[in-house]
**Q** 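Just dropping this structure here.
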Amino acid sequence: MDPTQIGIRLASSAIAPLVRKLFISDGTGAGMVDKPVRLSSLVSFRGEKRTLSEADLRKVATELVKRAVRAAGPHDPLLEDEQEAVAEALTLTLHSLGDLDLDDLQAVQLGHQQLAHALYAQARGPELIRLLSTDAVHVYSNVLQAACLHILNFFTQRSTFIPRTLVAQSRQLSELVEAVDLLVERVPAQSAEDTEFEERYRAYVCKKHGRLTIYGVDLNETAEWQLDSAYLSLGAIASEHRHAAENTDEDRSDALRVETWRPVRQAVEHALANHQSILLRGAAGSGKTTLVQWLAVTTARQSELHGQLAYLLGRIPFVLPLRTLTREATRLPAPEHFLEASGCPLAGSAPNGWAHRVLSAGRGLLLVDGVDEIPAQEREQVRRWLRDLYEAFPDNRWLVTSRPSAVRQHWLANDGFFEYDLAAMTRGEVESFVVRWHDAAAADAFLSAALLQALRTKKDLGRLAVNPLMCGLICALHRERRGFLPLSRKDLYEAALSMLLERRDRERAMHRPGALLLPKEPQIQLLQKLAYWMIRNGRSEMRRSDALAVLADALVAMPYIQAPAEEVYQYLLLRSGLLREPVIGALDFVHRTFQDYLGAKAAIESRDIPLLVAHANQDQWEDVIRLAVAHARMDERAEILDGLLARGEQETDHRTRMYLLAAACLEHSTELHPNKRRKVEDHAQDLVSPEALSKGSHYDLAQAGPVVLEFLPGPDQLDDATAAQVVTVAAAIGTDAAIGVLTLFRHHPDHAVRSVLAGAWSRFDPEEYASEIIGHLNPEGIAFPVHSNAALEALVALGGRSRVVIHGNLNLNLLSAVPDDVVTELTIRRDTDSDTGDQADIDLHGLEHFRRLERLIIAPCPGFVDLSPLARIPTLREVVIREAALVTGASKLPYAEIDSEVAWGD
């Protein structure tokens, strides 16, 4: 027998009927409208529609092998036991059809040989054929390839395949044409010199910004992850968010009212796809700089851009950290000096006028990082600089980042910038971060599981895990302390410093005999001097020469350190893990939070309380003052709070800020006279009185943090407008404690209050919020926005609601568990940035049982949608479909408004 001839001599009539048994039939009613189908849902030996048992599958495989051997002829056939072994290997390989993460269209695109290889790999083929003879292996290989050829033929003969293939090809071609058009538009004819330099510059950006430092992963030194695996996309909330539930009843006649709906939160990189320029606010450690790195690297990798990231095609990233640009207090750079001012070593080799040509062509992505890291008196200069650049080069993309308190609301609004706030990490994002951190640290799996459990059950700990920096510190300390963790922000920082400064050298035996060795306390004292100098001078960086001078002055009072300032500088830089040299000749802290913590400690030890109070109106001092209160003794703490209240009473312009800052400091006041605490609370209470709420800024109150929740009034004796304002503030704070405030309003009759409560769902744990809030709201006249499958499952558990808005690529089949007389209006907004087209397709079969559904809106629908199931809903009177790639079944819905690339009538 020549086993290599089996695939050729095995007739289609012999193999095709057997292959068809591996799959379920189309069934009645199947048509062109189905979306690309996962292989796991097609096989007949898995799932609820199973028609073939595993024993039957083994019989099919055995019969395939027998027919293949017979087709090869009578000469030197395989022995019977070899045939059984080949059949067993083939059975296990075909069984893996249900495990492949492919749909039918993707399988056909692979081709039969690659599909066979994928099945072989999925089934751990080397183990299957390890004991087979050479002839048996050839039989197995050729029968598998022949089977795969007929499997693909079966897919292409299904009634749904051809129209979907045409549309998929049309879509791919359209995307390719759009990408080429974008490149042609954005990349004009270039000289070879420009092209060559851009290739070098992109490679530099990928290397420079393609690594992310993770503090505390290793006791010896900070570790670096590749940005690809480390980046965690965080949500942002538009500062001027308008919720559709706030629309009046008159708006209901507009079939496109759906256009006013927007998710409460979305990924920042996607927001930038919709807006040419964004000002992004985020607290310390919230991931602003990491986002800048990711955008720069993603833009530099042009070949990997697709979906919503296509807006980055042809663009050149410029990373512009403001603290670096203003280091020497010179004028902010013009485009031709961007690279030099930001410390790029390629600056000298850039072709003359290159940056100007890039921006003039509208090809730039300008990432301006850290408005808060420059002195307040210099920010107006930055705003004018941004305005001049924006007006001179209007067609580029812009992202400007800052801490929330550094710039007022609408700071750049008149210049065309949309404003977003980074949201606190959701429970799911925290859990994802914890798992990734432990994977990167190669930590024991039980530690990851234990920390996740602690975060779920210990609310004080969960309150600290609000951003990537805090999550990283919690992970590091949890591993270091084998599960014991501090429960306050100050104690967390203190424990982190102890881990970094004291234990690492000792445990790693890093010290060499005769070399400088500094205990923890002297290191902290010296680091405090450096941090406090930066704070007093309004800087987040200092020149190396200034750092040496500060250290030299400090060492005069520390005679037990027998080393010059230069040696101490190098020791702190290399050994502390808290300092770095971003460029030659400059020094900063690895994170601003450590600078604030150490500077606050220095201020208290220096008794500089009047200085703290005097700078309380400056945002760069806000965290310093909070942490100073945490470091202070009881009398010092009282002095700070008295000073803040006195300034608030005397300075009307700063009154709100002073009172809120004093209230925020109560969280860190572990010991304080009751009368003093009551005085601060009384002043804070004045800010959240009904009269003050009607005039004040929700944004300012929310930025003060969870402490404000204690002072917000309940619904009694509040008018409807003020009640809505209270709910808005509590929802914006977004912590677990905020749910306690929101529950007070869950039975409120006002439409606006109920709309805000419904719209805040995505800011909280979906199950808890559904139980505490959604389940108690009067649903009349409001729509319930759902942003996750977990929230959808929770809504189903509540019995559904009349008006529902689905955001994202959620599983609509979950709705089939809702009683058939509940849903009357459904809006579906699908994402357009999915990597795979099937995720954007919509299966409406789950809606058939809704006997009272009157209105359905899908906008956009970037995939396939079959409307034929809707014909069986007698009450349906309005269907609006926008931006769909393929719509079928529309002929039975004469009232449907359809905007689609391709529409099939039946």
Side-chain angles (χ1 to χ4, degrees), residues 101 206-236 265-270 282-298 301 304 309 422-458 461-483 485 492 495-496 499-500 577 590-591 593 762 765-766 787-790 808-809 833-835:
D101 187 22
C206 290
K207 292 179 181 177
K208 168 71 174 177
H209 300 289
R211 296 178 299 274
L212 181 64
T213 301
I214 306 299
Y215 306 108
V217 169
D218 188 270
L219 287 175
N220 180 36
E221 57 184 9
T222 56
E224 288 186 334
W225 284 348
Q226 287 299 312
L227 191 62
D228 291 339
S229 60
Y231 178 68
L232 180 67
S233 179
L234 297 179
R265 86 190 252 142
Q266 62 179 311
V268 182
E269 58 270 24
H270 298 160
S286 58
K288 301 184 296 296
T289 299
T290 302
L291 169 68
V292 165
Q293 287 183 244
W294 183 85
L295 282 170
V297 171
T298 301
R301 295 173 176 167
E304 300 177 15
L309 294 179
L422 273 178
M425 294 173 72
T426 64
R427 180 178 296 181
E429 289 167 344
V430 170
E431 292 181 353
S432 176
F433 182 97
V434 169
V435 171
R436 291 189 190 188
W437 190 98
H438 284 81
D439 288 344
D444 294 335
F446 82 88
L447 282 175
S448 176
L451 179 54
L452 290 173
Q453 181 63 20
L455 288 167
R456 295 185 189 111
T457 57
K458 298 180 180 179
L461 181 62
R463 285 180 58 225
L464 294 175
V466 295
N467 60 49
L469 173 68
M470 298 297 286
C471 286
L473 289 178
I474 290 171
C475 289
L477 289 169
H478 183 265
R479 184 179 73 157
E480 171 74 1
R481 296 180 165 202
R482 307 299 292 178
L485 283 169
L492 186 68
M499 180 182 73
L500 290 168
V590 293
H591 200 281
T593 297
S762 65
D765 176 72
H787 291 77
S788 67
N789 282 323
N809 304 330
D833 60 325
S834 177
D835 291 344

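Every heavy atom of this structure was used, including side-chain atoms; hydrogens, water molecules and symmetry mates were not.
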**Q** For Ser233, give me all partners under side chain to side chain donor-acceptor pair (under 3.5 Å), at least two apart in sequence or on another chain.
**A**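 Partners of Ser233 under the side chain to side chain donor-acceptor pair (under 3.5 Å) test: Glu269.
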
**Q** For the residue pair Val435 and Leu452, establish whether any side-chain heavy-atom pair is separated by less than 4.5 Å.
**A**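 Of all side-chain heavy-atom pairs linking Leu452 with Val435, at least one is under 4.5 Å.
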
**Q** Return the CG to SG distance between Leu451 and Cys471, rounded to the nearest 0.5 Å.
**A**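 Separation between the atoms: 8.5 Å.
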
**Q** How long is the gap from CD on Glu431 to OG on Ser448, to the nearest 0.5 Å?
**A**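 Reported value, rounded in 0.5 Å steps: 9.5 Å.
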
**Q** Sequence neighbours excluded, which residues qualify as side chain to side chain donor-acceptor pair (under 3.5 Å) partners of Thr298?
**A**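 Thr298 satisfies side chain to side chain donor-acceptor pair (under 3.5 Å) with no residue once adjacent residues are dropped.
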
**Q** Please name the pair of heavy atoms, one in His438 and one in Asp444, separated by the smallest distance, quoted to 0.1 Å.
**A**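 Looking at all heavy atoms of both residues, the closest pair is CD2-O, 4.5 Å.
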
**Q** Which heavy-atom pair separates His209 from Gln293 by the least distance, and what is that distance?
**A**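 So the minimum-distance heavy-atom pair works out to O-NE2, 3.1 Å.
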
**Q** Testing the basics here: between Gly235 and Glu429, what is the closest heavy-atom pair and its distance to 0.1 Å?
**A**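 For Gly235 versus Glu429, the nearest heavy atoms are N-OE2, 3.9 Å.
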
**Q** Are Val434 and Cys475 close enough that some pair of their side-chain heavy atoms sits under 4.5 Å apart?
**A**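 Yes, their side chains come closer than 4.5 Å.
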
**Q** If you look at every heavy atom in His787 and Ser762, which pair is closest and at what distance?
**A**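 So the two residues come closest at ND1-CB, 3.7 Å.
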
**Q** Side chains of Trp437 and Arg479, heavy atoms from C-beta outward: is any pair under 4.5 Å?
**A**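 They are in contact (side-chain heavy atoms under 4.5 Å apart), so the answer is yes.
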
**Q** Output all residues satisfying side chain to side chain donor-acceptor pair (under 3.5 Å) with Thr593, sequence neighbours left out; order by chain, then residue number.
**A**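 In terms of side chain to side chain donor-acceptor pair (under 3.5 Å), with neighbours along the sequence ignored, Thr593 is linked to His591.
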
**Q** If you take all heavy atoms of Leu455 and Ala465, which pair is closest and at what distance?
**A**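 In this case the closest contact between Leu455 and Ala465 is CD2-CB, 4.0 Å.
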
